[in-house]
Amino acid sequence: MGLPLSPALKEMIAEAERRGISIPTEKETIEQREKREKEFEEKQRRAWQTGMKKKFWEEYSIWPDGKPEKFIFRDWQPSIQENVQAAKYVARQTLDITNELIKQKQRYNVVFIGTPGVGKTSLALAMADRFREANKFVMFVSTTELKRMYDNRIEKKDINHRLENTINWMKKAEVLILDDFGTEGIGRDNVRVDMQNGMYEVVNARKGKITIVTTNNRIEELKAMYDPKIISRLIPRNRDHQVIFKSMEDVRDV
Ligand SMILES: Nc1ncnc2c1ncn2[C@@H]1O[C@H](COP(=O)(O)OP(=O)(O)OP(=O)(O)O)[C@@H](O)[C@H]1O
Ligand SMILES: [Mg+2]
């Protein structure tokens, strides 16, 4: 039985609905009411999830060019490498890891190791694409840009503020990509102490989450730049979780 609705009331209900609030205009059973409330909560949850997913990827991430990059598994062309088999192998391994992490809900870190231009960031982005499709909060951090923020934090208050927020989000993201890790230790020096402290906080807070690292350095070199405690928490020891780009060439701008 519908209530007699005045035009003004009808307009109010329509407006409420536009804002995602549904107002019952008929007598409901308890079950109907529960169902309606549950659907409303689910809708709210999905809207929140979509918003946060976008925020992590577009706002909280630190991109080299300030905007998100995209690379998907279908973009990977093994034939641009002379060693086609090697290029196929790393993509296959990355895809297997991605499926295991998503479908079997496993939690471990992954590292991509190789010389410049072999496709490490590309495959990390392809993983990110799959995680985002699975509605995960994925954050991308260019370690080079992060180092730049540390270098400017004293003079520029706004950068220091952004840096503090970034460290916080890095602790919270469900999946974190740390791109070009190791470039901050220019000349293989020790990384500046405040950055090491920040990284230490991050890796400790990320226990049980997924962190994906790309690097041009061998693990031993990373241990020379950072406190080994940080590296042992960040870089997986399991060889299955290390994607090593062996006998592959720089294909940037080919
Ligand atoms: N197998 C591939 N198929 C298609 N494009 C590729 C492939 N390998 C690399 N590329 C392209 O080559 C360029 C360099 O790749 P990418 O940035 O992933 O290299 P990288 O290993 O991360 O290098 P760096 O160590 O300098 O960061 C990118 O534009 C990438 O899309
Ligand atoms: Mg890269």
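Order of listing sets the numbers, starting from 1, for every ligand and every atom in it. Heads up: numbering here begins at 1 and tracks the sequence.
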Discussion item. Determine whether a donor-acceptor pair (N or O, by modelled atom type, separation under 3.5 Å) exists between the side chain of Ser232 and the backbone of Lys229.
Written reply: yes
Worksheet item: Going by atom types only, do Thr144 and Thr183 share a side-chain donor-acceptor pair under 3.5 Å?
Response: yes
Discussion item. Using a 3.5 Å cut-off on N or O atoms only, is Ile80 in polar contact with ligand 1?
Written reply: no
Worksheet item: For ligand 1, which atoms, with element, lie under 4.0 Å from some heavy atom of Gly119?
Response: 8 (N), 9 (C), 15 (O), 16 (P), 18 (O), 19 (O), 20 (P), 21 (O)
Practice prompt. Kindly say whether Met170 contributes a backbone atom to a donor-acceptor pair with the side chain of Arg206 at under 3.5 angstrom?
Written response: yes
Discussion item. Between Arg130 and Glu100 (salt bridge meaning N to carboxylate O under 4.0 Å), is one present in this structure?
Written reply: no
Practice prompt. Just jot down the ligand 1 atoms closer than 4.0 angstrom to any heavy atom of Asn216, in number order.
Written response: 25 (O)
Item to complete: Check Asp75 against ligand 1 and report side chain, backbone, both or neither, counting heavy atoms closer than 4.0 Å.
Response: backbone
Worksheet entry | Every N, O or S from the protein that is nearer than 2.8 Å to the Mg ion (ligand 2) | Thr121 OG1
Worksheet item: Of the backbone atoms (N, CA, C, O) and the side-chain heavy atoms from C-beta on, which set of Phe112 has a member under 4.0 Å from an atom of ligand 1: side chain, backbone, both, or neither?
Response: neither
Worksheet entry | Heavy-atom protein contact below 4.0 Å for atom 29 (O) of ligand 1 | no
Item to complete: Run the numbers for me: atoms of ligand 1, each under 4.0 Å from some heavy atom of Ser122, listed by number.
Response: 15 (O), 16 (P), 18 (O), 30 (C), 31 (O)
Worksheet item: Which bit of Asp180 is near ligand 1, meaning a heavy atom under 4.0 Å away: side chain, backbone, both or neither?
Response: side chain
Worksheet item: Does any N or O atom in Pro78 lie less than 3.5 angstrom from one in ligand 1, N or O only?
Response: no
Item to complete: Can you pull out the closest protein heavy atom to atom 10 (N) of ligand 1? Residue, atom name and distance to 0.1 Å, please.
Response: Val251 CG2, 3.8 Å
Discussion item. I'd like to know if Asp151 pairs up with Arg192 as an ion pair, taking the criterion as any Lys NZ or Arg NE/NH1/NH2 lying under 4.0 Å from an Asp or Glu carboxylate oxygen.
Written reply: yes
Worksheet entry | Test item: Gln242 side-chain N/O and Pro236 main-chain N/O as donor-acceptor pair under 3.5 Å | yes
Item to complete: Can you run down the ring-ring contact (aromatic ring centres under 6.0 Å, His included) pairs that involve residues 132-151, sequence neighbours left out, and say none if there aren't any?
Response: Trp48-Phe137, Phe56-Phe137, Trp63-Phe140
Fill in: From Arg252, Lys120, Gln77 - option closest to atom 13 (C) of ligand 1 by heavy atom
Arg252
Discussion item. When you compare the side chains of Thr214 and Asp179, does any donor N or O come within less than 3.5 Å of an acceptor on the partner?
Written reply: yes
Practice prompt. Before signing off on this row, confirm whether Gly117 and ligand 1 have an N or O atom pair separated by under 3.5 Å.
Written response: yes
Worksheet item: So Asn216 and Lys120, side-chain hydrogen bond (donor to acceptor under 3.5 Å, both in side chains) or not? Walk me through it.
Response: CA-CA 9 Å; Asn216 296 331; Lys120 302 178 298 296; 3.2 Å; yes
Worksheet entry | Heavy-atom check, side chain of Tyr60 versus side chain of Asn165, under 4.5 Å | no
